[in-house]
Colleague: 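Mind looking over this structure? Questions follow.
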Amino acid sequence: MTRLTRRSVLALSGAGALALMLRPATAQAGAWQRLDAARELVGDATPTDGIELELPLVSENGAAVPLSFRVERALDDADPVETVHLFAPSNPDPLIAVFHFSPLAGRADVATRVRLNESQTVIAIARTASGEVMVGEREVRVTTTGCLMVDDTYESANVFQTRLRAPGSVSTGEPGKVLSMINHPMETGLRTNSSGETLPKRIIERVEATMGGEPVLTAELNRSVSANPYLRFFVAPTQSGTLELVWTEDTGETVEASAEISVG
Amino acid sequence: MITRRNMLALGAAAFVAPLAMPNILRAQGSAGRVVIVGGGFGGATAAKYIKRRNPDIDVTLIEAQERFYTCPFSNLYLGGLREFESIGHSYEELTGEYGVNLVTALAEDVDGDAHTVTLSNGETVEYDKLILSPGIDINWGALEGYDEAAAELAPHAWKAGAQTQLLRRQLEEMEDGGLFVLSAPADPFRCPPGPYERVSLVAHYFKEHKPNSKILILDSKDAFSKQGLFTAGWQSLYGDTIEWVGLSDDGRVVRVDAEALEVETEFGMVHRANVLNVVPPQKAGFIAERAGVTNEGGWVPIKASTFESRQVADIHVIGDAAIASPMPKSGFCANTQGKVAAAAIVASLAGNEAPAASWTNTCYSLIGPDYGISVVGVYEAVDDEVVQVEGSGGVSPADADADFRLREAQYAVGWYDAIANDTWGTVPA
């Protein structure tokens, strides 16, 4: 949010200007109320703002906009957050992704990169086990610089190459940061090639992280996730073991990667 | 004096009073006082164009350096194609021909309420309108291990001057067969094609003097300016000398060890360089922060039609410090933004509306001395945001022949001479 200094407050003369400055604030805009899927998800609940959604105010490349969210409430709370839905209402397919958390994830704190077709308000909706709902919103202006003329998808030469970085050791119950990425075009099914033919949809639709066979995080990805899906999340293991990641393509093909984490 | 800001604050009952006020101002022998901080493409242009439009306005330019060295064409110096002094410019035309007051000092603080700027020499300067054209500062601390001491070993060379000369010395001292590593930042940053032109001209230098040397670009982005043109140009002039690794192939540098000339990427790859050039994350020049005009990202939100700050009245911010996207952070953009701010201020001081704003930008990049490429854009203000005019601009054709590339390289030199002349009055040698 725009910082309001004493100096700038004094310099402002009208209420209109003040309102303008506060515009990028989260939640209050209520963009979720204009999206059917989001309204359905909220249902009868009265949403609170316990989820913090971060995106740049201005993005110069709509093909890969960094996004992160963090739920304040810990996952070992009596009523922990179970799912977080992300929406880009002005994209052709508004649902970006759904994340399912288990207490082993330590905290509902994820970073990824998303596609934004145009300037819009991105929405994050968290639901707890008991049905409590939290909403975070963030307005993003998408521009393309005059010096940046690109195809909208990064083509890696190494499709299905995975990368995983996890802490070698963590203290008991202490969340450790995990980085993961897979090279994949995340073809939307909406693009055409140079001869005008539509390129068929082909996406990674699921990433599952388990620790010693127990679920940590499951991410259902949709086509608004950027090419080469990147996920930063946390794991809070109670005993040493193997962190396993499985990426599933919509063809059914799967790829795996793993890392040992010792707890001490 | 009565500014638009005060008038709004006075309310309807006081409407008659302001009519008498301009006489007081005239009695001081001035059509208004404009202070400009920063004598680069934006600030020097604004100073000149205010004086051209109304010589009675008192214009003071505050700049810490006696000569200004441009980032544009600093890559030609790094590639051994130019002498360093050829990218230096003085303020003689502004002071001699246009009567601009030049103060060689660092602007240290701004008080937007009192309308004053405090300088490093202890002076305080009053303004009716302030233009900040401070360029960028390095966002020290945004990249682990990269601080001012590290930059003496692994230069950024992203502000032309001693850093640029240090990098050139390191390239000259490097043994043939060495590896030059450049770490490129995520958007937004100064001069989007800059890192890629830089490696091109370093490759040219290697080809002539150190043919067994290699270049690695580690990038925090998956896409960069004029990418297809650069990639094709690298292939045709330098074969496999230049390797580019994008964000999605683990190109993002997260830690720098300047002593060891090593960088570590996000997923833990360590690359060791013989010469390491870290183009780090950036933010608006610090005086913008002191003036209270920056946002949480460290850049300055502006009203497009005048480039006045959205946060503090009577302060206009132009050039790399401003959020003008989709206009890139380029010297050409700063120059045209300087003209728009000048026109808006001249109009405002005379009690008139600002004229409709429009801007152009051309970024030439050299891939080799005889191989130029370019991108052009035309911009206008819509709802006080900058937008690119539909259908305007474009990039050099992908399939152009050698003669076309040669002519673009010549146009690049013509562009530099012309804009240096427009901005500082410099006449090419």
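We use all heavy atoms of the structure for the numbers below, so side chains are in, but hydrogens, waters and symmetry mates are not. Just so it is clear, the model here is predicted, and its values are computed rather than measured.
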Colleague: Sub-3.5 Å donor-acceptor pair from the side chain of R310(B) to the main-chain atoms of V300(B), do we have one?
Modeller: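 No; zero donor-acceptor contacts below 3.5 Å.
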
Colleague: Select one option (side chain, backbone, both, neither) describing which atoms of L164(A) are under 4.5 Å from chain B's heavy atoms.
Modeller: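 Backbone of L164(A) only, per the 4.5 Å heavy-atom cut-off to chain B.
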
Colleague: Does any donor atom in the side chain of Y196(B) or D219(B) lie under 3.5 Å from an acceptor atom in the other side chain?
Modeller: yes

Colleague: Could you look at S59(A) and say if it's the side chain, the backbone, both or neither that has a heavy atom under 4.5 Å from chain B?
Modeller: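 S59(A) has no heavy atom closer than 4.5 Å to chain B.
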
Colleague: Contact part of V386(B) toward chain A, heavy-atom cut-off under 4.5 Å: side chain, backbone, both or neither?
Modeller: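 V386(B) touches chain A through backbone heavy atoms alone.
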
Colleague: Whether the S365(B) and K226(B) side chains hold a donor-acceptor pair (N or O, under 3.5 Å, no angle test) is what I'd like checked.
Modeller: yes

Colleague: Go through the steps to decide whether Y127(B) and H115(B) satisfy the test ring-ring contact (aromatic ring centres under 6.0 Å, His included), and finish with yes or no.
Modeller: CA-CA 5 Å; Y127(B) 66 83; H115(B) 284 56; 4.9 Å; yes

